[in-house]
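This chain uses plain numbering: 1 for the first residue, then up along the sequence. Numbering of ligands and ligand atoms starts at 1, following listing order.
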Amino acid sequence: MALDSNKTAKVTFGDKELDFAMMSPSLGPDVIDIRKLYAQGDVFTYDPGFTSTASCESAITYIDGDKGELLYRGYPIDQLAEKSHFLEVCYLLLYGELPTAAQLDDFVPRVTRHTMLQDQMTYFYRGFRRDAHPMATMVGVVGAMSAFYHDSTDITDPDQREIAAIRMIAKIPTIAAWAYKYSIGQPFVYPRNDLDYASNFLHMCFAVPAEDYVVDPILSRAMDRIFTLHADHEQNASTSTVRLAGSSGANPFACIAAGIACLWGPAHGGANEACLNMLREIGTVDRIPEFIARAKDKNDPFRLMGFGHRVYKNFDPRAKVMKQSADEVLGLLGIDNNPTLQVAKELERIALEDEYFVEKKLYPNVDFYSGIILDAMGFPTSMFTPIFALARTVGWVSQWKEMIADPTQKIGRPRQLYTGAKHRDYVDVEKR
Ligand code: CMC
């Protein structure tokens, strides 16, 4: 980020007046460099939820929430979703440029060579209860990778960082598919490197040893798009978690496991599962007004899952592509009128017209439509967030690699506004 010598920000408080340099990003609002604020002014800033704080410098993903724009390395998400494919997008996110044909020919087998899991890991799965949520299994298995791949945990070695990145991207579909297979009591299906990334994942989820599964190209394309649309999203909660974990020097597998744990929450990646559960709970179109009323009621914690976004205050650009994909998939599968879909369509219509949602700019987000597609494909709701985690792994890995290579990188250590008790003396238990 360039320091802009012509612009400074003046901060005045008490008898102090301090000047801070401004930084100009390539896109987006200017940034005030307050790194010296505490040293010079003996004060902190207060910004819970980081709504006004840039926690790092990054050249990977850009979001303009007002315009409803999402760029990976400068390329609009709708162009990538239409013209590219997931492994090409992985290359773009990791290395900064779209690959040439030769680079892609080198990259794709470099990933597919690593799709198998160390065989000992099958026993690790067996330690989980069968009814464990696949996200719980994924957090455990990904965290355990550092115990299986010692030779790629030295973060000071660029070659080890690279191999760790490739391993994560290659193995995460196998890890997610096996978490699913384990939860339904079916044998693990090994990866097939003759299939593309999305088809291989569908095959590992839906094939069984007794019967082969032929991947429909429309479903594989839709899956690939879901991966592309979820691949990265700037400094969201899980990515910031990965960066914070990584800032202490933790190994990449531990950092990605931390990101998966954070993604699980219903305000983040867990929203797609929560959204479909909500549509099912609503059940029929006539019950929608009751749920809309609950969403508006300040005394009711209920929120319409799949609506709203911290950054997008216009339509979520991913949701636009996802909606089109949902229409294609439902058309192919001949599902155009099941009750969940009817509720979804009517809820979308009402929310887009309702004053509360319009005024607060609460549009359907990516999770609203992805849940509908994944449900139609035959995935149980418990697999929705693992699929999000699978897709986001490349984003987490790219952001982690960028952070480690950044010479200004420091351990993340926010400060606080302390409102607890002042000094007091210990009182013996019998006197309390
Ligand atoms: N239903 C009803 N009201 C809502 C909703 C909703 N889904 N989302 C926000 N609001 C209201 C909220 O009550 C608040 O009202 P007021 O100003 O009167 O207090 C106002 O809108 C602003 O909400 P906020 O909580 O300050 O906004 P935020 O930026 O902190 O939260 C959010 C963003 C995504 C957590 C939130 O919109 C939400 O909980 N949505 C449902 C969960 C969801 O779909 N999450 C997936 C996000 S997209 C995938 C991803 O990137 O992870």
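Distances from atom 2 (C) of ligand 1 to the heavy atoms of A267, A274, A295 put A295 nearest. Of the candidates Y363, F388, Y356, the one placing a heavy atom closest to atom 11 (C) of ligand 1 is Y356. Ranked by closest heavy atom to atom 24 (P) of ligand 1, the top entry among H268, R310, R303 is R303. Between atom 43 (C) of ligand 1 and the options G308, G269, A271, the minimum heavy-atom separation is to A271.
Figure legend: cation-pi geometry between R415 and Y38, with NZ or CZ positioned under 6.0 Å from the six-membered ring centre and within 45° of its axis. Cation-pi geometry between R294 and F302 is met: under 6.0 angstrom from the ring centre, within 45 degrees of the axis.
Checking L304, V285, L352 one by one against L347, the side chain to side chain contact (heavy atoms under 4.5 Å, CB included) holds for a single residue, L304. Residue T115 forms a side-chain hydrogen bond (donor to acceptor under 3.5 Å, both in side chains) with just one option from N200, N193, T174, and that option is N193.
Scanning the protein heavy atoms around atom 42 (C) of ligand 1, the nearest turns out to be M305 SD, 3.7 Å. Ranking protein heavy atoms by distance to atom 20 (C) of ligand 1, first place goes to K360 CD, 3.9 Å. For atom 40 (N) of ligand 1, the nearest protein heavy atom (residue, atom name, distance) is F307 O, 2.9 Å. For atom 49 (C) of ligand 1, the closest non-hydrogen atom on the protein side is D367 OD2, 3.1 Å. Atom 51 (O) of ligand 1 has H309 NE2, 3.4 Å as its closest protein atom, hydrogens excluded (heavy atom only). Looking only at protein heavy atoms, the nearest one to atom 9 (C) of ligand 1 is L362 CD2, 3.4 Å. Atom 47 (C) of ligand 1 has as its closest protein heavy atom N365 ND2, 3.6 Å.
Of the inter-residue distances, the one linking F20 atom CZ with D33 atom CG reads 8.5 Å to the nearest 0.5 angstrom.
In D316, neither the side chain nor the backbone holds a heavy atom less than 4.0 Å from any atom of ligand 1.
Under 4.0 Å is where a charged nitrogen must lie from a carboxylate oxygen, and between E82 and R225 no such pair does.
Ring geometry for F107 versus Y91: interplanar angle over 60°, hence perpendicular rather than tilted (30 to 60°). Ring orientation note: the planes of Y149 and F253 are tilted relative to one another, at an angle of 30° to 60°.
Within the structure, ligand 1 has L304 among the residues with a heavy atom less than 4.0 angstrom away.
The two residues L341 and I335 have their closest heavy-atom pair at CD2-O, 3.7 Å.
Heavy-atom proximity to K298, at under 4.0 Å, picks out these atoms of ligand 1: 15 (O), 16 (P), 18 (O), 19 (O). The G306 neighbourhood of ligand 1 comprises atoms 43 (C), 44 (O), with distances under 4.0 Å to a heavy atom of that residue.
For atom 27 (O) of ligand 1, the nearest protein heavy atom is 4.0 Å or more away.
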